[in-house]
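These notes are about the structure you will find just below.
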Amino acid sequence: MSQIPSAYWLVKSEPDAFSWAQQQANDIEPWTGVRNYAARNHLRAMRVGDLCFFYHSNQGRQIVGIVRVVRAAYPDPTATEGDWSAVDMQAVATLPEPVTLATMKQDPALAGLDLLRQSRLSVMPVRAAHWHHICALGGLPDQARPQRGKRSPPAR
DNA sequence: GCCAACGTTGGC
DNA sequence: GCCAACGTTGGC
């Protein structure tokens, strides 16, 4: 199993339904319930070792943590019909300073971020430059920051 | 609670 | 294949 991310992503969850605290408590969690074709296709493009921002939608409206893909796409066990996929995610790091939607909206360095353009998409890619910029805003020092081609830090 | 954005459904 | 109606998401 690779520790090297091939791409970066952002996944959303309403904290009422599934929160960052629950993700951390469970450590590894199946990411199920996606019922949108664009989001599903992004799930299917994820590789083991890829990293994702964990975003709290609705309540919070901020990026609160980072998860790693530990199992690539497989049939979503919660789907009773249709062709849907799930992946497994593992908690990697909490952002010392959550990065709010308001902050991201007003930051010129994050212009073009999918989160700001397509607010309804629940799984989306994140450009490497945006990834590192958001990590810095979140207070993750370089050494603790998961990045392409380097070892990822241990879960905490 | 309201509403804009956008995806899906179904009639034609 | 087009498009109007409808449902859902999620910011405000």
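Lettering follows sequence order; numbering is per chain, from 1. What you see below is based on every heavy atom in this structure, not just the backbone, and it leaves out hydrogens, waters and symmetry mates.
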Check this for me: does any side-chain nitrogen of one of A:R44 and A:D83 sit under 4.0 Å from a carboxylate oxygen of the other?
yes
Run the ring-centre check on A:W9 versus A:Y55 and record whether the distance is less than 6.0 Å.
no
Would you say that A:P30 contacts A:Y74 through its side chain, given a criterion of any heavy-atom pair below 4.5 Å between the two side chains?
yes
Assign a letter to each nucleotide of nucleotides 6-12 of chain C from its 5' end: B, base within under 4.0 Å of a protein heavy atom; S, sugar-phosphate only; -, no contact.
-BBBBBB
What's A:R35 touching, base or sugar-phosphate or nothing? Going by heavy atoms closer than 4.0 Å.
nothing
Any side-chain donor-acceptor pair under 3.5 Å between A:S6 and A:D50?
yes
Under a plain distance cut-off of 3.5 Å, with no hydrogens placed, do A:S57 and A:R120 share a side-chain donor-acceptor pair?
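There is no such pair between these side chains.
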